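Have a look at the structure below before the remarks.
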Amino acid sequence: METSLTNIWRCSAHWNESEAADLYDCLAQDPGYWNANRHLVSLLKEKGLHSGQTVVNAGSGTGVDSLLLVKEILGTEGRVIGVDYSESMVRLAQEKVSNGLPVEFRLGDAHRISTVVDEDPVHAIVSFNLVHLLEDLLGVMREWYEKLSDGGIVGFSSTVYDGAIPREARRVYWKAILGAHRLAKDRFPETIGTRKKMLKHTPDYYFKVVQQAGFIDIRMEEKVFTLSKEGVLAFVQVPGMADSMMAADIPACAQRQMLIQSIEETVTESLPRKYVFITARKKEAPKVFRGKAELTYDARLEI
C-alpha cells in the first residue's frame, strides 16, 4: 500500500478526482478504518436494521462500506443505494459490484438526497466518516428525516472532531505536524503561516443536531480504533486536512508531500484515533383507527 500512496501524491502536481478515489480506496481498506466502519454497521443492526431493507449510503466513496452493509445485514434481498459527488468514486465503486449484488451507485449530493433517490420506502440513511464535511448539518439531517420511512434509522460516524486524538497519541501527532512545519519553513520561508481552519464539531454538537432534526432513540458512543501508518498517511491527505495543518499559501501538493515526509520520519507503525458514532430513529406516525388516533394500552398504568 505504501508504494501506491507515495506514487499517487509525490508524482502529482495537482489534486484530481481519480487520485482522490485511489486515496479513499486505500483509506477505506485500512484495518483500523475498516473496523470502525464495521462497528457502525453493528450498531445499525442493534438499532433494528435487518435483511431485505433499503439503505442509502450518503457519501459512499469507492463502495467498500456499501458492500459491507450487504454482507453484514441486508443480504441479497436488501438494497443499498450509494450516493457520492465524485464521478471517479462512483466509477470505482461500480467496478466492485459483482453481478447479482443488490448495490448501485449514483452521482449526487449528500445534502440533497431526495433529488437523487426517489425510491420509497427508505429504511435507513447511513454515512461513514462524512458528516464533518457537510455544510448546514442541521438542514441535512432534516432532509434525511423527511426522506426516511416512519421508524427509519439514521447512523453516522466521524473521526474529525474536537477530542478525536487520544491523549496517549497527541505527542506523536504534534511531532509529525511540527516536523512538516519545519520543512515548510525551510522550503517556503516567505509564507505568512496562516492556516485554513477545518470546522471540527464536538460529539455533543452532533447529538443536538440529530435531536433538533426530530430524531428519537438517539445513541452516541465514542470508541478508539488504531490506524496503520499507511492509514495515517492516507487520512492526512483527505481534502481539507492538509491545509488545516499547513500554511494556506503553500501549494496543496507541497503541503501533502511535506506531511508525508514528516509522518514517515516520526510515526513508527500505527496510531490510535477516536471515532464518534451516532444512531437514531425517526418517529413513527400515530396509528389511525376509524379516523381517530388509536389508543394504546399500557399495563404499567393499571392499578
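In this text the structure is predicted, and so the values were computed from the model without any measurement.
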To the closest 0.5 Å, what do you measure between [atom1] ([X]) and [atom2] ([Y])?
X: I125; Y: L148; atom1: CD1; atom2: CG; answer: 4.0 Å
X: R142; Y: L138; atom1: CZ; atom2: CG; answer: 4.0 Å
X: L259; Y: L233; atom1: CG; atom2: CG; answer: 9.5 Å
X: T266; Y: L271; atom1: OG1; atom2: CG; answer: 8.0 Å
X: D65; Y: F128; atom1: CG; atom2: CZ; answer: 4.5 Å
X: T279; Y: I153; atom1: OG1; atom2: CD1; answer: 8.0 Å

Check this for me, if you would: do [X] and [Y] make a salt bridge, where the nitrogen-to-carboxylate-oxygen distance has to be below 4.0 angstrom?
X: D150; Y: R281; answer: no
X: E104; Y: R79; answer: yes
X: E72; Y: R38; answer: yes
X: D217; Y: K47; answer: yes
X: E119; Y: R106; answer: yes

Please indicate whether [X] has more than 12 foreign heavy atoms, meaning atoms of other residues, nucleotides or ligands, lying under 6.0 Å from its [atom1].
X: E168; atom1: CD; answer: yes
X: R170; atom1: CZ; answer: yes
X: E46; atom1: CD; answer: yes
X: R171; atom1: CZ; answer: no

In this structure, is the centre-to-centre distance between the rings of [Y] and [X] below 6.0 Å?
X: Y145; Y: F215; value: yes
X: H39; Y: F277; value: yes
X: Y33; Y: F225; value: no

Smallest separation among heavy atoms of [X] and [Y], with atom names:
X: H123; Y: Q53; value: ND1-CB, 3.4 Å
X: K229; Y: E264; value: NZ-O, 3.1 Å
X: G108; Y: V116; value: CA-CG2, 3.8 Å
X: L134; Y: A110; value: CD2-CB, 4.1 Å
X: G75; Y: P102; value: O-CG, 3.6 Å

Side chains of [X] and [Y], donor plus acceptor under 3.5 Å:
X: S157; Y: N129; answer: no
X: Y161; Y: E222; answer: yes
X: S66; Y: N57; answer: yes

For K45 and V41: C-alpha separation, side-chain torsions, deciding distance, then whether side-chain contact (heavy atoms from CB on, under 4.5 Å) applies. CA-CA 6 Å; K45 192 172 184 178; V41 171; 5.8 Å; no
With sequence neighbours left out, what residues match R273 under salt bridge (charged side-chain N to carboxylate O under 4.0 Å, His left out)? none
Is there a donor-acceptor contact under 3.5 Å from the side chain of [X] to the main chain of [Y]?
X: S228; Y: G231; result: yes
X: T202; Y: Y205; result: yes
X: Q29; Y: W34; result: no

Test side chain to side chain donor-acceptor pair (under 3.5 Å) on Q261 and Q257 and set out the steps. CA-CA 6 Å; Q261 180 178 337; Q257 288 171 349; over 6 Å; no
Evaluate the criterion side-chain contact (heavy atoms from CB on, under 4.5 Å) for residue pair I218 and V210; output intermediate values, then yes/no. CA-CA 8 Å; I218 306 171; V210 172; 3.9 Å; yes
